[in-house]
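A quick write-up on the structure given underneath.
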Amino acid sequence: MNHFCRSIGQYLQVAVLVGGALSIAGCSNLDPTLGGMLKIQSAGDAPKVGATASTTPVSVPAGVVSVPDGAPGTSNAAWPAARGCRMMTDFTTHADVDTLYARAMKSFNFKSPDQIAVIRKTVDRLYVVDDGYKHEKQAGAYYHLAQSVNYVRASGMSDAMWLDLEFSKNGAGADVSAKYCTTSRDPQVGTVSFHQSVQKLIRDSLGK
């Protein structure tokens, strides 16, 4: 049994949200956080706005297809090309920040803390929030959204990506900062045309 417990402690690498302490029969000495790998949080708690300071998309798995040379945008240590990450060139829209927020919520189905609280109360009390999740709101001035989202490629295939959007008021319009990490292992993801299409999708979804 001790060997079993040590094995669980060494190799169990999952992200779970539980209402109390983790308990495995016969493993009374097992660290419930598995050395800090697990974040124990009350199932009824909604994520706190701005609670995660890091902007690194830690939920993105290693081993995804790398961003090819020549793809639009840039990458850095926090948003590495080797993990399919790209920082788009910032752009300005005529739409204000509140309009952009509404469009982003509709196009990519971002979840607000209130929505997550409802899901946990009525659908799944163990609903897991992505590490790095953000949903910061200052109506009329600034929004910062970050989570894993689903989208449809130009080919019609459904896929997922980590998407980080910031909207800042700029006169009657807004400045937009967009970063993303593809999570697909499809070789097509490693082409310049794929990243061009993803960035066009993001821009078109937000409008002018």
Tightest non-hydrogen contact, residues Trp79 and Ser75, listed as O-CB, 3.1 Å
Does the Thr182 side chain pair with the main chain of Met161, one donor and one acceptor, at a distance under 3.5 Å?
-> no
Worksheet item: So, Arg86 side chain and Pro72 main chain: donor-acceptor pair closer than 3.5 Å or not?
Response: yes
For Tyr133 and His135, take the angle between the two ring planes, folded into 0 to 90°, and tell me which bin it lands in: parallel under 30, tilted 30 to 60, perpendicular over 60.
parallel
Please report, to 0.1 Å, the donor-acceptor pairs under 3.5 Å made by any side chain of residues 201-208, with sequence neighbours excluded.
from   : atom 1 : to     : atom 2 : distance (Å)
Asp204 : OD2    : Lys200 : NZ     : 2.6
Ser205 : OG     : Leu201 : O      : 2.7

Expected output: side-chain Glu166 to main-chain Ala178 donor-acceptor under 3.5 Å: no
Nearest heavy-atom contact between Phe110 and Ala146 is CE2-N, 4.1 Å
- Do you see a donor-acceptor pair shorter than 3.5 Å between the side chains of Ser184 and Arg153? yes
Sidechain-backbone polar pair: Thr99 side chain, Ala95 backbone, donor-acceptor under 3.5 Å
no
Rounding to 0.5 Å, atoms CH2 (Trp162) and SG (Cys181) come to a distance of 9.0 Å
- Message: A side-chain contact here means heavy atoms from C-beta on lying under 4.5 Å apart; do Pro80 and Cys85 qualify?
- Response: yes
Check: Same cluster or not: are Met157 and Val192 linked, directly or through other Ile, Leu, Val, Met, Phe, Trp or Tyr residues, by side-chain heavy atoms under 4.5 angstrom apart?
Finding: no
dist Asp164:CG -> Leu145:CG (nearest 0.5 Å) comes out at 8.5 Å
Between Lys169 (side chain only) and Gly171 (backbone N and O only), is there a donor and an acceptor less than 3.5 Å apart? yes
CD (Glu136) and CZ (Phe167) are apart, to the nearest 0.5 Å, by 12.5 Å
**Report entry** Path from Val152 to Phe108 over hydrophobic side-chain contacts below 4.5 Å
**Finding:** no
Rounding to 0.5 Å, atoms OH (Tyr151) and OG (Ser197) come to a distance of 7.0 Å
Sorted by chain and number, sequence neighbours left out, ring-ring contact (aromatic ring centres under 6.0 Å, His included) with Phe194 holds for none
Heavy-atom side-chain contact between Val176 and Thr92 under 4.5 Å: no
When rounded to the nearest 0.5 Å, the distance separating CD of Gln147 from OG of Ser112 is 9.5 Å
Taking every heavy atom of Gly73 against every heavy atom of Gln199, the minimum-distance pair comes out as N-NE2, 4.5 Å
Discussion item. Determine whether the aromatic ring centres of residues Tyr180 and His195 are separated by less than 6.0 angstrom.
Written reply: yes
Ser66 and Ala82 have their tightest heavy-atom pair at OG-CA, 3.6 Å
To the nearest 0.5 Å, atom CG of Leu165 lies from atom OH of Tyr101 at 12.0 Å
### Query
With a 4.5 Å limit on heavy-atom distance, are the side chains of Val97 and Gln138 in contact?
no
Worksheet item: With distance as the sole test, does Asn170 use its side chain to make a donor-acceptor pair with the main-chain N or O of Asp175 at under 3.5 Å?
Response: no
Closest non-hydrogen contact found for Leu100 with Ala174 is CD1-CB, 3.6 Å
